[in-house]
Chemist: 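Can you read through this structure? Questions will come right after.
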Amino acid sequence: MLTKKQIRYCLDVMEEMFPNAEGELVHSNPFELVIAVLLSAQCTDKLVNKVTANLFKKYKKPEDYLNVTLEELEQDIKSIGLYRTKAKNIRKLCQVLLDNYNGEVPQTKEELMKLAGVGRKTANVVASIAFNEPAIAVDTHVERVSKRLGICRWKDSVIQVEETLMRKVPRDEWSVTHHRMIFFGRYHCKARNPNCPECPLLELCREGQKRMKKAIM
DNA sequence: CTCCCGATAT
DNA sequence: ATATCAGGAG
């Protein structure tokens, strides 16, 4: 397991590699961000942006999603995976926003997680990006990178990964850390073919060491 | 744990 | 062909 100091070093290297790491989901208000993040489950943000480019022209407010049939909404997001559940969740979510929140998006993680299709990760992303609340959303990239580097244990749950990161990273750096780890995971420490040979963190990375040994044999 | 699920990279 | 993609609900 990496020490706090080693983790600090990892984050500094990631900052150097990706100085402009930030959210890539296109949106112009909290409501659009919630929809975009909900759609992004098990799907690349690139594809989400392609779909929301048209979607957000057609649907501006929660009412707009409720004033069409479920089938029409499904067709509008069809190119994204899991589109049937996502369409249903969007409609439930919009109904709750209108019923309980005056059509606005709630600002706390606890309230956000009550919304249909919004779990821990989505709530953290929205709280962090839309409302500047310190949060570390553990998605597939953050989890993979944390486990490969040895920031946490392989068996840790996403909640344990989140707790470890919150414990070892200063609160005012949670949001940037989240984005740096995502960029590091998405473009360098990729799921399928991680670029270990050119990795500046190879020396302290347990998974990288293992992979390099395998590559030689 | 399983299911939802199309697009994309390898 | 298959793994993977800013996961969440039952």
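Just so we're clear, the structure is a prediction, and the values are computed from it rather than from any experiment. Computed over heavy atoms, backbone and side chain alike; hydrogens, waters and symmetry mates excluded. Order of the sequence lines fixes the chain letters, A, B, ..., with proteins taken first and strands second; residue numbering starts at 1 for each chain.
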Chemist: Please test Gln95(A) against Leu66(A) for side chain to side chain contact (heavy atoms under 4.5 Å, CB included), starting from the C-alpha separation and ending with a verdict.
Modeler: CA-CA 8 Å; Gln95(A) 191 63 59; Leu66(A) 296 166; 3.5 Å; yes
Chemist: Begin from the C-alpha positions of Asp76(A) and Tyr59(A) and carry the test side chain to side chain contact (heavy atoms under 4.5 Å, CB included) through to its verdict.
Modeler: CA-CA 10 Å; Asp76(A) 288 334; Tyr59(A) 305 87; 2.5 Å; yes
Chemist: NA contact type, Lys46(A), heavy-atom cut-off 4.0 Å: base, sugar-phosphate, or nothing?
Modeler: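 No contact.
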Chemist: Taking only N and O in the side chain of Arg144(A), is any of them less than 4.0 Å away from OP1 or OP2 of dT4(C)?
Modeler: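 No, no such contact exists.
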Chemist: If the C1' atom of dC5(C) is compared with that of dC5(B), how far apart are they to the nearest Å?
Modeler: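 Here dC5(C) and dC5(B) have their C1' atoms 12 Å from each other.
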Chemist: Ignoring backbone atoms, test whether Lys114(A) places a side-chain nitrogen or oxygen under 4.0 Å from the OP1 or OP2 oxygen of dG8(C).
Modeler: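 The answer is no; no side-chain N or O of Lys114(A) sits under 4.0 Å from OP1 or OP2.
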Chemist: Can you check the Ile77(A) CD1 to dC4(B) C1' distance for me, whole Å?
Modeler: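 Rounded to the whole Å, the gap is 12 Å.
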Chemist: Between the side chain of His178(A) and the main-chain N/O of Ala137(A), is any donor-acceptor distance below 3.5 Å?
Modeler: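 Yes, His178(A) side chain to Ala137(A) backbone: donor-acceptor pair under 3.5 Å.
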Chemist: For the pair made of CG in Leu39(A) and P in dA6(C), what is the distance, rounded to whole Å?
Modeler: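 Computing the Leu39(A):CG to dA6(C):P distance gives 14 Å.
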Chemist: Rounded to the nearest Å, what distance is computed from the NZ atom of residue Lys78(A) to the C1' atom of nucleotide dC5(B)?
Modeler: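 My rounded result for the distance is 9 Å.
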Chemist: Judged by each residue's nearest nucleotide on DNA chain C, which is more toward the 5′ side, Cys43(A) or Gly119(A)?
Modeler: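 Of the two residues, Cys43(A) wins.
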Chemist: Salt bridge check, Glu72(A) against Lys58(A): does any charged N sit closer than 4.0 Å to a carboxylate O?
Modeler: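 Between Glu72(A) and Lys58(A) there is a salt bridge, with a charged N closer than 4.0 Å to a carboxylate O.
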Chemist: Would you classify Leu115(A) as touching base, sugar-phosphate or nothing, given that sugar-phosphate means primed atoms plus P, OP1 and OP2, and contacts are heavy atoms under 4.0 Å?
Modeler: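 The answer is sugar-phosphate, as Leu115(A) gets under 4.0 Å only of primed atoms, P, OP1 or OP2.
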Chemist: Between dT8(B), dA6(C), dG7(C), spot the one nearest the side chain of Gln42(A), thanks.
Modeler: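 That would be dG7(C).
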Chemist: By nearest nucleotide on DNA chain B, pick out whichever of Lys190(A) and Thr85(A) is the more 5' one.
Modeler: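 The residue closer to the strand's 5' end, by nearest nucleotide, is Thr85(A).
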Chemist: Counting any heavy atom closer than 4.0 Å, what does Leu38(A) reach on the DNA or RNA strands: base, sugar-phosphate only, or nothing?
Modeler: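 No contact.
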Chemist: Take the protein atom CG of Leu82(A) and the nucleotide atom P of dT2(B), then report the distance between them rounded to whole Å.
Modeler: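 Taking CG of Leu82(A) and P of dT2(B), I get 16 Å after rounding.
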Chemist: Would you kindly give the CG-to-P distance between Asp76(A) and dG6(B), to the nearest whole Å?
Modeler: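 Going from CG in Asp76(A) over to P in dG6(B) covers 16 Å.
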Chemist: Closest nucleotide of DNA chain C for Val118(A) versus for Ala191(A): which of these residues is on the 5' side?
Modeler: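 This one resolves to Ala191(A).
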Chemist: Students often get this wrong, so: under 4.0 angstrom with heavy atoms, is Ile182(A) touching a base, only sugar-phosphate, or nothing?
Modeler: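 Since a base atom lies under 4.0 Å of Ile182(A), the category is base.
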Chemist: Using the C1' atom on both, measure dG8(C) against dT8(B) and round to a whole Å.
Modeler: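 dG8(C) and dT8(B) have their C1' atoms separated by 22 Å.
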Chemist: Take atom NZ of Lys86(A) and atom P of dA6(C), then tell me their distance rounded to the nearest Å.
Modeler: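 So the NZ-P distance, Lys86(A) to dA6(C), works out to 11 Å.
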Chemist: For atom C1', what is the distance between dC4(B) and dT4(C), given to the nearest Å?
Modeler: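 About 15 Å, rounded to a whole number of Å.
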Chemist: Rounded to whole angstrom units, what separation is found between the CD atom of Glu143(A) and the C1' atom of dC5(C)?
Modeler: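 Going from Glu143(A) (CD) to dC5(C) (C1'), I get 14 Å.
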Chemist: Using a 4.0 Å heavy-atom cut-off across all strands, classify Val37(A) as base, sugar-phosphate, or nothing.
Modeler: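 Here Val37(A) touches no strand at all.
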Chemist: What is the minimum heavy-atom distance between Asn89(A) and Gly117(A), and which atoms define it?
Modeler: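 Asn89(A) and Gly117(A) have their closest heavy atoms at ND2-CA, 3.6 Å.
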Chemist: Could you please name the option among dA6(C), dA7(B), dG7(C) that lies closest to any side-chain atom of Ser79(A)?
Modeler: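 Closest nucleotide among those given: dA7(B).
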Chemist: Identify whether the distance between the nearest side-chain nitrogen and carboxylate oxygen of Glu207(A) and Arg144(A) falls below 4.0 Å.
Modeler: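 Answer for the salt bridge query: no.
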Chemist: What contact category does Arg192(A) fall into here, base, sugar-phosphate, or nothing, at under 4.0 angstrom with non-hydrogen atoms?
Modeler: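 Since a base atom lies under 4.0 Å of Arg192(A), the category is base.
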Chemist: How is Val158(A) classified with respect to the nucleic acid when contacts are heavy atoms under 4.0 Å: base, sugar-phosphate, or nothing?
Modeler: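 Result for Val158(A) = nothing.
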Chemist: Taking all non-hydrogen atoms of both residues into account, name the closest pair between Tyr9(A) and Leu201(A) and its distance.
Modeler: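 The pair with the smallest heavy-atom distance is CE2-CD2, 3.8 Å.
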Chemist: Contact class for Lys88(A) (heavy atom, under 4.0 Å): base, sugar-phosphate, or nothing?
Modeler: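 Counting heavy atoms under 4.0 Å across all strands, no contact is made by Lys88(A).
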Chemist: Using OP1 and OP2 only, check whether a side-chain N or O of Arg120(A) sits under 4.0 Å from dG8(C).
Modeler: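 No, outside the criterion.
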Chemist: Measuring to OP1 and OP2 of dC5(C), would you say a side-chain N or O of Thr140(A) lies under 4.0 angstrom away?
Modeler: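 The answer is yes; a side-chain N or O of Thr140(A) sits under 4.0 Å from OP1 or OP2.
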Chemist: Over all strands shown, is Gly81(A) touching base, sugar-phosphate only, or nothing at heavy-atom distances under 4.0 angstrom?
Modeler: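 Base: the residue Gly81(A), judged by heavy atoms under 4.0 Å, touches a nucleobase.
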